[in-house]
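Some notes on the structure that comes next.
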Amino acid sequence: RRMSVAHTLVLFLIASAFCASFEVLEGFDVILDEFQPTPVAVHDVSHLSKIEQQKKVEELFYKRRPVIVRGLTTIAQWPALKEWTQENLLERVDIMETVLVDNIHNHTYYYYDKAGPMLKENPDVKFLQPYTLATISSAEFKRRMKLGQPIYFSQDIQFVDETCDETLLDEITDWESFLPSSSKPTPNIWLGSPSVTTRMHYDSSDNFYIQINGIKKFTLVDPIEYKNMYMFPFLHPATRQSQVDPYHADYDLFPTMKHVTAEVAVLHPGDMLLLPSFWFHHVTAETFSVSVSTYLPTPQKAAVQRVIFRSNPIQRTLSREMRLCLGSLYIEMLASLIGRSGKELITTILSQSYSHFDRDPLLQGSSVYDSKLGRIPCDKCPSMEQEMVTDIKKSVEGVKANMENIYEPGVKEIAIIYLVEQIAFDVASTIREVSHYLLAMSQCPTPQVEQTK
C-alpha cells in the first residue's frame with residue numbers, strides 16, 4: 001500500500017538522523033541497463049548556401065528542441081578547427097584562470113552556489129566542496145591530464161585573449177552570424193580532460209554549442225520531466241542539478257527516474273548543438289575536448305526570475321498557524337496555474353527533492369534539517385481577514401501574467417515549484433524547518449475568510 005506523505009517524511013527524518021554522521025559521496029549509484037536515450041535529430045546543411053544555412057539554423061532554433069546542425073560552411077572555414085589541437089592550444093593559453101580542479105575524485109562536476117540558503121543559513125553544516133577554482137599553468141593542466149585527473153577549464157574567449165595576448169576570437173570568424181541580430185554576447189571556450197563529466201543540470205539561457213576538437217556526448221531531457229528528475233532543492237547550493245546520474249541510477253531509491261525519456265547528441269568537430277534553455281543535459285568529454293558555447297538570455301529566463309523572486313504577501317509577524325494556512329492557500333492557487341493541486345505539488349517536492357538528505361553528496365550534518373521537530377500540525381485555520389487573501393490573489397495574478405512569457409509547460413512547473421519552496425522558506429522560522437512546513441501546508445484545511453462589513 002502507498003505510504004502517506006506524513007509517514008514518508010517521518011521515515012526519511014529517522015533515516016536522516018541515523019545517517020547524518022556518515023560521509024556519503026557516491027555510494028548510492030548502481031549500474032543499470034534500462035536507461036537508453038534515443039539519438040537526437042541531426043540536420044546536415046552542407047548542401048545549402050551560407051544564407052540558406054543561417055535561415056535553417058534560425059528555423060531550427062525557434063522550434064525549441066535540441067538538434068545537431070552539421071556541415072555549416074562558416075564553421076568549416078574556422079582556423080580553430082585546425083589550430084586548436086591539445087598541444088597548440090595549451091602552449092598558447094599558458095596561464096589558465098577559472099580551472100575546475102576535482103575534489104571528490106569521481107570525474108563528475110557539480111556546480112554550486114554558496115549563497116544557497118541550505119548552506120548560507122547553516123554555518124555549522126559540513127560542506128563537501130565538489131571542486132576548487134584555481135589559476136594554473138598550461139603545463140600543470142597537461143601534467144594533471146597525464147595522471148588521469150579530471151580537470152576542466154572554462155572562460156570568456158575575449159578574457160583569455162586579453163590575459164594571454166592571444167587572438168582566439170579571430171579564429172572563429174563570423175561566430176555571431178548564427179545568433180539573433182539583437183544578441184551580442186561573447187562566446188566561452190571549454191577545455192576538458194577525457195571522461196570529465198558535468199552532472200545533469202539545466203541552464204536558464206539558450207545555448208549555441210560548437211565542438212572544435214575531440215568528441216563530446218550530451219544526454220538531453222525535456223524540462224517537462226522535472227517531476228521525475230530528483231532535482232536538488234531550489235534552496236540547495238547545487239540547485240538546477242539532478243541528484244541522480246542517469247547512467248548509474250538505483251531505481252529502487254529513485255523509481256521515477258526510469259520513466260524519463262532522454263535523447264543523446266554526440267558532437268564531433270564542426271558540429272553545432274542548439275540547446276534550448278531549461279533542457280536538462282548531462283555532458284561527458286569522450287576524449288580531450290575543446291568547445292565553444294554562446295549563451296543567450298531569453299524573455300523566458302526573465303519571466304521565471306520574476307515568478308520566483310517576488311515579495312511574499314505573508315507577513316513573518318503572523319502566528320505560525322496563520323502563516324501555514326495562508327501559505328497553504330497561496331500554494332493551492334499557484335498550483336492551479338499549472339493544473340495541479342497544492343497537495344500534489346508539495347508531495348512532488350518532498351518526494352523528489354527532500355527525501356534523500358541522508359545521501360546528500362555536498363551537505364552533511366543534521367543541521368540541514370531538524371529531525372527533532374517532528375510533525376507540525378495544521379488541523380484547523382484561524383479566521384483570515386479579507387485583506388490578507390486579497391494580497392495573495394494579487395500575487396497570484398502577477399505570477400499568472402509572467403507565466404505568459406514562459407514557453408514550455410515544464411518550465412512553468414519549475415518556476416512554480418521553486419516559488420513554493422521560497423514560500424516555505426519565508427514562512428518557516430529556519431531553513432531546517434522547510435520540509436516540515438511544506439508537509440504541514442499540504443494538510444491545512446480550507447481557511448475561513450472574514451467578510452468585510
Side-chain angles (χ1 to χ4, degrees), residues 40 42-54 56-57 60 67-99 136-146 150-179 185-196 198 207-218 265-275 283-295:
V40 75
V42 178
H43 286 262
D44 190 318
V45 296
S46 57
H47 61 289
L48 301 176
S49 68
K50 272 191 176 183
I51 297 297
E52 290 172 328
Q53 288 179 357
Q54 290 176 8
K56 188 64 177 179
V57 169
L60 294 170
V67 62
I68 295 174
V69 185
R70 185 165 289 163
L72 287 162
T73 303
T74 297
I75 295 176
Q77 294 173 345
W78 281 359
L81 287 182
K82 293 181 179 179
E83 298 295 328
W84 292 8
T85 63
Q86 177 177 330
E87 289 300 321
N88 186 18
L89 197 56
L90 291 180
E91 183 177 332
R92 295 170 64 186
V93 184
D94 51 350
I95 298 295
M96 308 182 79
E97 297 189 23
T98 317
V99 173
I136 63 175
S137 67
S138 56
E140 175 64 12
F141 191 97
K142 286 189 286 187
R143 187 189 73 81
R144 288 174 179 265
M145 280 205 305
K146 286 181 180 179
I151 191 164
Y152 211 13
F153 168 67
S154 176
Q155 188 55 270
D156 180 300
I157 291 182
Q158 193 167 355
F159 180 83
V160 174
D161 280 349
E162 292 170 359
T163 304
C164 301
D165 193 23
E166 272 295 340
T167 57
L168 299 182
L169 193 59
D170 293 338
E171 294 169 18
I172 52 171
T173 50
D174 295 330
W175 60 270
E176 73 277 13
S177 62
F178 303 109
L179 308 180
T186 304
N188 281 10
I189 185 170
W190 303 80
L191 278 74
S193 58
S195 78
V196 70
T198 302
N207 193 349
F208 288 71
Y209 200 98
I210 300 169
Q211 191 67 11
I212 305 296
N213 188 344
I215 299 172
K216 187 168 277 189
K217 182 176 75 173
F218 280 72
V266 180
L267 302 186
H268 297 267
D271 287 347
M272 172 192 282
L273 173 66
L274 301 181
L275 179 57
V283 189
T284 298
E286 302 284 289
T287 64
F288 170 79
S289 174
V290 182
S291 316
V292 169
S293 69
T294 304
Y295 292 101

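In this text the structure is predicted, and so the values were computed from the model without any measurement.
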Approximate separation, where rounding is to 0.5 Å, of I189 CD1 and I157 CD1: 5.0 Å
Looking only at non-hydrogen atoms, find the nearest pair between E171 and W78 and report the distance. O-CB, 3.6 Å
May I ask you to check whether Q53 and T73 show a side-chain donor-acceptor distance below 3.5 Å? yes
Establish, from distance only, whether the side-chain atoms of Q211 and S289 form a donor-acceptor pair under 3.5 Å. yes
In the structure I gave you, are the side-chain heavy atoms of L191 and L90 within less than 4.5 Å of one another anywhere? yes
Salt-bridge contact D271-R70 (side-chain N to carboxylate O under 4.0 Å): yes
Which pair of heavy atoms, one from K216 and one from Y209, lies closest together, and at what distance? NZ-OH, 2.8 Å
Students often mix this up, so state it plainly: with edges at 30° and 60°, are the rings of Y152 and W190 parallel, tilted or perpendicular? tilted
Which residue in the set V292, I210, L169 passes side chain to side chain contact (heavy atoms under 4.5 Å, CB included) when paired with W175? L169
Closest non-hydrogen atom pair between I68 and A265, with its separation: CD1-CB, 3.8 Å
Of all the heavy-atom pairs spanning T173 and D170, show the shortest one and how long it is. CG2-O, 3.1 Å
Is it the case that over 12 heavy atoms from other parts of the model lie below 6.0 angstrom from the NZ atom of K82? no
Could you check F178 against T294 for side chain to side chain contact (heavy atoms under 4.5 Å, CB included), going step by step and ending with a plain yes or no? CA-CA 10 Å; F178 303 109; T294 304; over 6 Å; no
Given side chains that start at C-beta, do those of V67 and H43 come closer than 4.5 Å, heavy atoms only? yes
Does any N or O in the side chain of S193 come within less than 3.5 Å of the main-chain N or O of V196, such that one atom is a donor and the other an acceptor? no
Indicate the atoms forming the closest heavy-atom contact of M272 with L274, along with that distance. SD-CD2, 3.5 Å
Interatomic spacing from CG in D44 to CG in L72 - rounded to 0.5 Å: 9.0 Å
Give a yes or no on whether the backbone of S177 and the side-chain of D174 come within a donor-acceptor separation of less than 3.5 Å. no
So does V290 get a backbone contact from the side chain of N213, meaning a donor-acceptor N/O pair under 3.5 Å? no
If you round to the nearest 0.5 Å, how far is OG1 of T163 from CD of E97? 5.0 Å
Looking only at the side chains, is there a donor atom on one of S49 and E52 sitting less than 3.5 Å from an acceptor on the other? yes
Minimum heavy-atom separation for L81 and I212, please, with both atom names. CD2-O, 3.6 Å
Give, for atom CD of E91 and atom OG1 of T85, the distance between the pair rounded to the nearest 0.5 Å. 9.0 Å
Find out whether L267 and S291 are in side-chain contact, i.e. whether some heavy atom of one side chain is under 4.5 Å from a heavy atom of the other. no
Quick one: does any side-chain atom of N188 pair with a main-chain N or O of S293 as donor and acceptor, under 3.5 Å? no
What is the distance from atom OG1 of T284 to atom CD1 of I215, rounded to the nearest 0.5 Å? 12.5 Å
How about W84 and R92: do any of their side-chain heavy atoms sit closer than 4.5 Å? yes
